[in-house]
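Heads up, the thing below is written out as structure tokens.
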Amino acid sequence: MKHFYTRTLLLFLIAISSYCDTTNAQAIIAFLKETPKVKVNNCTSEDLMNILTEESLEWIKSIECQNINLNNEKSGIEINQELNSTTSSFIRIYFNRTKILQAKYMQIFANDCDNNSTPLWVSINENEAKSYELGFKSAAYIDNCQKIIDGIKGKYGSISVPYISITGLNELPLESLLIEIKPSSQRRRIQFYGIKIVHNNSFLDLSDTPVNVEDLTIEQSLKSYEYFDLTGRKLTGMPERGLYIRKCGDKTEKCFANGSNR
């Protein structure tokens, strides 16, 4: 009888485990392809695309960034806010619209470089404006990309990588994600490793979803984006591939699109 109950409990646990495996999955977005060998200040979007892991590229269409550095022998990327800066420092991720994740919750993996309790703002989907203020603390640097990736994935015996969770997303379709340090009178730096998104293992294809004309008109009137190539020649719209310049009022950004429609 004892063996019967033990076997029944084991089968129950296996069934529960199998259920969890089919209803939850992880997507890892990590700037951990390799540890930088040289220091690079004011990275371009192309620089960041180049250090994403192969797994990350499955989910990302393009990236925009401002005031992002690569530090030699330090894994991840540095979100750098200079003293008395009037502009924010950010990474904006646009997700692949042919395979939109429906997020249940996510974990942001990062480290405060200066122990200033730097507030890191995370905004999900530009139109929905779901924003969260996260307060990271200083921790020891981890200089091995694979060890950090194993820690993010939660592999048995892996190291602990500092993170903060954003919960209660209720299978929210992810179209974009903004990770930002806002202007401050202090110098603030965050070493950012990546994101783990726990989703429902079901995907949306929004590639053929038409943009609402009214919403598009409002968005364009508010943002008034202009696009240029690297020689300064004005473009008719955002290019699908390569490095370009985007201007909105007095703000100018270098951006990169990889043209992926996976």
Polar side-chain atom of [X] near backbone of [Y] as donor-acceptor pair, under 3.5 Å:
X: K33; Y: L52; result: no
X: N111; Y: A139; result: yes
X: S165; Y: T167; result: no
X: N125; Y: P173; result: yes
X: D47; Y: T44; result: yes
X: Q102; Y: S202; result: yes

Distance in Å, [X] [atom1] paired with [Y] [atom2], rounded so as to fall on 0.5 Å steps:
X: I28; Y: I149; atom1: CD1; atom2: CD1; answer: 9.0 Å
X: I63; Y: F90; atom1: CD1; atom2: CZ; answer: 11.5 Å
X: S88; Y: I179; atom1: OG; atom2: CD1; answer: 12.5 Å

Exercise. Of the options Y163, F31, Y193, which is the one that meets F109 in a ring pair (Phe, Tyr, Trp, His ring centres under 6.0 Å)?
Worked result: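 With F109 as partner, Y163, F31, Y193 yield a single ring pair (Phe, Tyr, Trp, His ring centres under 6.0 Å), made by Y163.
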
Exercise. Side chain to side chain contact (heavy atoms under 4.5 Å, CB included) between E55 and K153: does it pass, once the steps are laid out?
Worked result: CA-CA 12 Å; E55 179 181 353; K153 291 182 176 181; 3.4 Å; yes

Exercise. Stepwise, does the side chain to side chain contact (heavy atoms under 4.5 Å, CB included) test hold for F136 with L120?
Worked result: CA-CA 8 Å; F136 281 92; L120 187 69; 3.8 Å; yes

Exercise. Can you tell which of I68, N69, T118 makes a side chain to side chain contact (heavy atoms under 4.5 Å, CB included) with I79?
Worked result: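 Testing I79 for a side chain to side chain contact (heavy atoms under 4.5 Å, CB included) against I68, N69, T118 leaves exactly one candidate, I68.
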
Between [Y] and [X], is there a side-chain donor-acceptor contact under 3.5 Å, judged purely by atom types and distance?
X: N200; Y: E171; answer: yes
X: N80; Y: E82; answer: yes
X: Q66; Y: S89; answer: no
X: D150; Y: Q146; answer: yes
X: K39; Y: N71; answer: yes

Exercise. Is the charged tip of K61 near the ring of Y94: under 6.0 Å from the six-membered ring centre and within 45° of its axis?
Worked result: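 No, a cation-pi geometry is absent between K61 and Y94.
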
For this session: Report the C-alpha separation of I181 and N67 in whole Å, then their side-chain angles, then the decisive distance to 0.1 Å, and conclude whether the side chain to side chain contact (heavy atoms under 4.5 Å, CB included) test is met.
Result: CA-CA 10 Å; I181 300 178; N67 301 330; over 6 Å; no

Problem set entry | Pairing of D112 and K137 as salt bridge, 4.0 angstrom limit |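 Answer for the salt bridge query: no.
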
